[in-house]
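Scroll down for the structure; my scribbles are underneath it.
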Amino acid sequence: MSEDVWLPLPPEEIEGLPEGFRYLFWDGGQDGEQAFPGDPARCVMYVVPYMTPLPVRVRPLERLTNLRVIQTLTAGVDDMTANLSSIAPGVRLCNARGVHEASTAELALALTLAALRGIPDFVRAQQEERWASGFRPALADKNVLIVGYGPIGAAIEDRLTPFEVARVARVARSRRTTARGLVHATEDVLSLLPDADVVILSTPLTDATRGLVDAEFLARMKDGALLVNVARGPVVDTGALLAELERGRITAALDVTDPEPLPPGHPLWRAPGVLISPHMGGPSSAFLPRAKRLLVDQLTRFARHEPLRNVILTTGTDPAETVSEGPGGTDPAAPDSPGTNGR
Ligand SMILES: NC(=O)c1ccc[n+]([C@@H]2O[C@H](COP(=O)([O-])OP(=O)(O)OC[C@H]3O[C@@H](n4cnc5c(N)ncnc54)[C@H](O)[C@@H]3O)[C@@H](O)[C@H]2O)c1
Ligand SMILES: O=C(O)[C@H](O)COP(=O)(O)O
């Protein structure tokens, strides 16, 4: 009997896929109603379609009775982890670490620079054929705080360095030291905020980060500081942010919002000092080549019974035991666990 792998990219467009599996294309279709490409009971690895509504992405799950791996093409898996109740124990959920760093960090820099230098004002002025010159804040000489120092946070720092920032402070779940210096634990974040001119959020959405940026967090930010969110919308309390924006005390550049998509008429659209992009960190020309490289590498490992990359959790096990911080988990420092990751 064939072991099927469901791919949301045409398999003939991915060079180097290992032999031993039958590759079937399934991306949910234009309307999300696409028929399954084969018997779901034969699917051993389900690669979740990218940029597809959640109900479509989770539709196959309860029929995939012999599944061994769920591979997302997103870095964030918050929506998938909430939908695994029908999955048997022992299935590994792997994320797309390695795919989104360059693109998302690039957008974080683009939003930071655009917000500080006033690009949205220039676009508005250009539409009115108005010459709107004057002094603007530069990124040079600013103190930047990165909250969520995983691969995306580190890629953001890589791109900040050439802009001659004064200092970068880093916050992750737990304290550690990197070649660049100290990464503070999340408990330190409130004490770091008063020094930051720019605060960039790049955490996953978890119970601990939902609402992390609340009224107290925002109140600790400097007058005139910029908040940049490329993490997930609910990491920020939208009501509390709106209150600060309307007072004109801080500004914000948001790639993600809560609610998302932001509906027409929502007050965040027109709040003073806010720049909004429609969740564009991942989808760029950088996505496809990196996604293909990840899939070839992961499937080669799976075919050879080698440890998989980016294992976020194994169903039926205590997340505290299975979430590793490292190539198989969330922070670059710690090792993967071959014992739990083989095919
Ligand atoms: N805007 C976009 O299009 C886009 C694209 C890709 C990823 N993302 C988001 O970025 C997130 C981060 O991606 P990654 O690959 O770097 O993830 P990651 O999970 O590997 O790393 C995230 C970092 O956040 C830290 N963290 C976790 N909880 C924290 C807390 N309570 N306080 C402070 N730090 C905390 C972790 O320790 C880790 O250092 C994703 O989970 C996703 O939600 C957004
Ligand atoms: O987490 C990611 O990788 C990007 O934010 C893309 O996520 P999405 O496809 O779930 O919006």
Side-chain angles (χ1 to χ4, degrees), residues 50-51 72-82 93-112 145-159 169-178 180 182-193 199-214 217 228-236 253-258 260-261 275-284 286-287 290-291 294 309-313 319-320 323-334 336:
Y50 184 59
M51 300 286 286
T72 69
L73 293 177
T74 55
V77 289
D78 46 283
D79 49 5
M80 291 305 291
T81 50
L93 173 68
C94 303
N95 81 348
R97 176 186 214 142
V99 172
H100 292 286
E101 287 80 349
S103 182
T104 306
E106 188 176 290
L107 185 73
L109 261 286
L111 288 172
T112 302
L145 173 63
I146 301 174
V147 183
Y149 197 75
I152 291 178
I156 292 170
E157 183 170 5
D158 291 342
R159 286 154 181 79
R170 315 162 190 91
V171 175
R173 205 165 22 198
S174 47
R175 183 188 160 97
R176 64 192 159 84
T177 307
T178 68
R180 284 224 173 90
L182 180 66
V183 180
H184 294 265
T186 190
E187 301 82 75
D188 295 344
V189 75
L190 290 180
S191 66
L192 295 165
L193 286 167
V199 178
I200 304 181
L201 307 173
S202 51
T203 63
L205 177 62
T206 64
D207 290 345
T209 61
R210 187 177 293 277
L212 175 73
V213 181
D214 57 7
F217 184 110
V228 180
N229 189 3
V230 293
R232 285 286 185 261
V235 174
V236 177
L254 310 172
D255 184 46
V256 287
T257 59
D258 180 24
E260 189 174 310
L275 169 60
I276 296 173
S277 57
H279 201 144
M280 296 301 292
S284 76
F287 170 75
R290 287 163 180 75
L294 169 70
R309 281 167 63 168
N310 308 354
V311 178
I312 300 299
L313 60 79
V323 175
S324 60
E325 295 234 330
T330 50
D331 274 343
D336 202 345

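Keep in mind that this is a model prediction, so the values were computed, not measured. FYI, the numbering just counts along the sequence from 1. Note that ligands are numbered from 1 as they come in the structure, with each ligand's atoms numbered from 1 the same way.
By the criterion of a heavy-atom distance under 4.0 Å, the backbone of A231, and not its side chain, is placed next to ligand 1. Counting heavy atoms closer than 4.0 Å to ligand 1, residue P283 contributes nothing at all.
Side-chain atoms of T257 never come within 3.5 Å of backbone atoms of G233 as a donor-acceptor pair (strictly under, hydrogens ignored).
For the pair N310 and L294, the minimum side-chain heavy-atom distance is below 4.5 Å. When side chains are defined from C-beta on, T74 does not count as touching N95, because their heavy atoms never get closer than 4.5 Å. Here the side chains of R180 and D158 are in contact, with some heavy-atom distance below 4.5 Å. Counting only heavy atoms from C-beta outward, the side chains of V147 and V235 never approach each other to under 4.5 Å. Counting heavy atoms from C-beta on, the side chains of M280 and D255 come closer than 4.5 Å.
By the 3.5 Å distance cut-off applied to N or O atoms, V147 is not counted among the residues near ligand 1. An N or O contact shorter than 3.5 Å links I152 to ligand 1 by distance. Residue-to-ligand polar distances keep R176 apart from ligand 1: every N/O pair is separated by 3.5 Å or more. Looking at G281 next to ligand 1, an N or O pair under 3.5 Å apart turns up. Inclusion of G150 in the set of residues having an N or O under 3.5 Å from an N or O of ligand 1 is warranted.
The contact set between ligand 1 and A172, taken as ligand atoms under 4.0 Å from a residue heavy atom, comprises 33 (C), 34 (N), 35 (C), 37 (O), 39 (O). Interface atoms of ligand 1 facing T209, defined by a heavy-atom separation under 4.0 Å, are 28 (N), 29 (C), 30 (C), 31 (N). Atoms of ligand 1 lying under 4.0 Å from any heavy atom of R232, numbered from 1 in the order shown and given with element: 8 (N), 9 (C), 42 (C), 43 (O), 44 (C). For ligand 1, the atoms sitting less than 4.0 Å from at least one non-hydrogen atom of A75 are 6 (C), 7 (C), 15 (O), numbered in the order shown with element in parentheses. Listed by number with element, the atoms of ligand 1 under 4.0 angstrom from any heavy atom of G282 are 3 (O). Within the listing of ligand 1, atoms 23 (C), 24 (O), 25 (C), 34 (N) sit less than 4.0 angstrom from a heavy atom of G148. Atom numbering of ligand 1 starts at 1 in the shown order; those under 4.0 Å from a heavy atom of G76 are 40 (C), 41 (O), 42 (C), 43 (O). Listed by atom number, the atoms of ligand 1 under 4.0 Å from D255 heavy atoms are 1 (N), 2 (C), 3 (O).
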Run the side-chain contact (heavy atoms from CB on, under 4.5 Å) test on L193 and L190 for me, step by step, so that the C-alpha distance in whole Å, both residues' side-chain angles and the decisive distance to 0.1 Å come before the verdict.
CA-CA 5 Å; L193 286 167; L190 290 180; 3.9 Å; yes

Test R170 against D188 for salt bridge (Lys or Arg N to Asp or Glu O under 4.0 Å), laying out the working first.
CA-CA 10 Å; R170 315 162 190 91; D188 295 344; over 6 Å; no

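Heavy atoms from other residues, nucleotides or ligands lying under 6.0 Å from CZ of R175 number 12 at most.
In terms of the ring pair (Phe, Tyr, Trp, His ring centres under 6.0 Å) criterion, residue partners of F287 (sequence neighbours excluded) are, by chain and number, Y50, H100.
The closest approach between a heavy atom of R97 and any atom of ligand 1 is not below 4.0 Å.
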